[in-house]
Amino acid sequence: MEKNKPTLHDVAKVAGVSIATVSNVLNNKSTELGKKTRQKVLDAIDKLHYEPNQFARSLKTGQSNLIVFIVPDQNPFFTEILTELNNECQKHQLHVAVVSSEENELRQQALIETFIARNVSAIILVPVKSKLKFKKEWSQTPILTIDRKVDGTYLPSISVDNKKAAFDATQRIIDSTCKNIGLLLANPDISTTSERKSGYEQALKKNNIKLDEQLIYYSNQQLGTDAQIDSGYHATKSLINKQVQAVVATNHLLLLGALQAIKESGKKISQDMIIIGFDDSYWNEIYTPKLSVISQPTKEIGRVAGEMINHLIQGENVSSIELNTKLIIRESCSFIKDKSL
């Protein structure tokens, strides 16, 4: 018969301390304990092979082999990145945990501080703003940003050429003989928003189309996932009332809200309206009509993030990288000019 696994009580007995003391050590709340007491607990854990031994060892080495991926919302874009990130991290015996800040700066700060205090090996962050209140004590933990950049820090980043992506999407709509183009943007305080707006403006300028700020809408930056969908919905309703015939939705959640508004209006995509979204997924091809999108290299982002975070943990230097996107045209952005031929 297999022996019973050791318990907290067993560890406490061998170490000659209370169960509460053992629990404090395991939860990294042992700052007020003497070094000798702490070491007694760790020695007892090793001697008894108490689970989780890996965590006990991490308290000694300062390495937990745990990577925390802090995302801003429940956008499927981040889920697709996570799949490849997990695969790459497993090659280096690293494990990934995901938490959401829901676009809340205070929650983001609290999450970073909590996980650094718990000796995570590294943090992969999608920042909620382009400014980050970086604390000195964070410098000992590798932090990599993806998708969005942070100003004024030396944090390495993985991003895409957002300006070109938005330019390509806007230009394609203009080529479809539509010049009245609405733009749905996310949080105004993040780098991707300003970059995508810049690409949109560049396309209008190239084609001598006057910029109309009344056709540009930002999402509610404080409430996360639901707020972005809701913002896309209400913004698109307003654009429809303004007789706008084309929309660029700069993320998946805004696109969902836009599609709902168009459906309720009774208008037909590709017939009455043109729409291009960001981020590709299988449902974009099965939706009727099939949706045109800017496809971001989610698999490559995940793979590169796993590689870079491992290098950072090993104390190696890494450089920021910017990847390319691809404009995929489907039925939602058919050429109006072609129909007259």
Chemist: Restricting to side-chain contact (heavy atoms from CB on, under 4.5 Å), what partner residues turn up for Ile286, sequence neighbours left out?
Modeler: Tyr282, Trp283

Chemist: Could you pull out all residues at least two apart from Glu84 that satisfy salt bridge (Lys or Arg N to Asp or Glu O under 4.0 Å)?
Modeler: none

Chemist: Which pairs pass ring-ring contact (aromatic ring centres under 6.0 Å, His included) with one or both residues in residues 139-182, sequence neighbours excluded?
Modeler: none

Chemist: Would the distance check show the side chain of Ser332 and the main-chain N or O of Ser292 forming a donor-acceptor pair, the cut-off being under 3.5 Å?
Modeler: yes

Chemist: Write out all pairs satisfying side-chain hydrogen bond (donor to acceptor under 3.5 Å, both in side chains) with one or both partners inside residues 66-80, taking only residues at least two apart or from two chains.
Modeler: Asp73-Gln228, Glu80-Thr298

Chemist: Restricting to pairs with a member in residues 127-146, which pass ring-ring contact (aromatic ring centres under 6.0 Å, His included), not counting sequence neighbours?
Modeler: Phe134-Trp138

Chemist: What pairs of donor and acceptor atoms, side-chain ones from residues 202-215 against any protein atom, are under 3.5 angstrom apart with sequence neighbours left out?
Modeler:
{"unit_1": "Asn207", "atom_1": "ND2", "unit_2": "Gln171", "atom_2": "OE1", "d": "2.8"}
{"unit_1": "Asn207", "atom_1": "ND2", "unit_2": "Ala203", "atom_2": "O", "d": "2.7"}
{"unit_1": "Asp212", "atom_1": "OD1", "unit_2": "Gln214", "atom_2": "N", "d": "2.9"}

Chemist: What ring-ring contact (aromatic ring centres under 6.0 Å, His included) pairs are there with at least one residue in residues 75-94, not counting sequence neighbours?
Modeler: none

Chemist: Could you tell me which residues satisfy side-chain contact (heavy atoms from CB on, under 4.5 Å) with Asp280, sequence neighbours excluded, listed by chain and number?
Modeler: Asn284, Val293, Ser295, Ile328, Arg330

Chemist: Salt bridge (Lys or Arg N to Asp or Glu O under 4.0 Å) with Lys136: which residues, sequence neighbours excluded?
Modeler: none

Chemist: Which atom pairs, one a donor and one an acceptor, fall under 3.5 Å between side chains of residues 229-236 and the rest of the protein, sequence neighbours left out?
Modeler:
{"unit_1": "Asp230", "atom_1": "OD1", "unit_2": "His234", "atom_2": "NE2", "d": "3.3"}
{"unit_1": "Ser231", "atom_1": "OG", "unit_2": "Asn220", "atom_2": "N", "d": "3.1"}
{"unit_1": "Ser231", "atom_1": "OG", "unit_2": "Ala227", "atom_2": "O", "d": "2.8"}
{"unit_1": "Tyr233", "atom_1": "OH", "unit_2": "Glu264", "atom_2": "OE1", "d": "2.5"}
{"unit_1": "Thr236", "atom_1": "OG1", "unit_2": "Gly232", "atom_2": "O", "d": "2.7"}

Chemist: What pairs with Ser101 under side-chain contact (heavy atoms from CB on, under 4.5 Å), at least two apart in sequence or on another chain?
Modeler: Ile70, Pro72, Gln108, Leu111, Val128

Chemist: For Ser100, enumerate each residue passing the side-chain contact (heavy atoms from CB on, under 4.5 Å) test, keeping only those at least two apart in sequence or located in another chain.
Modeler: Val71, Glu102

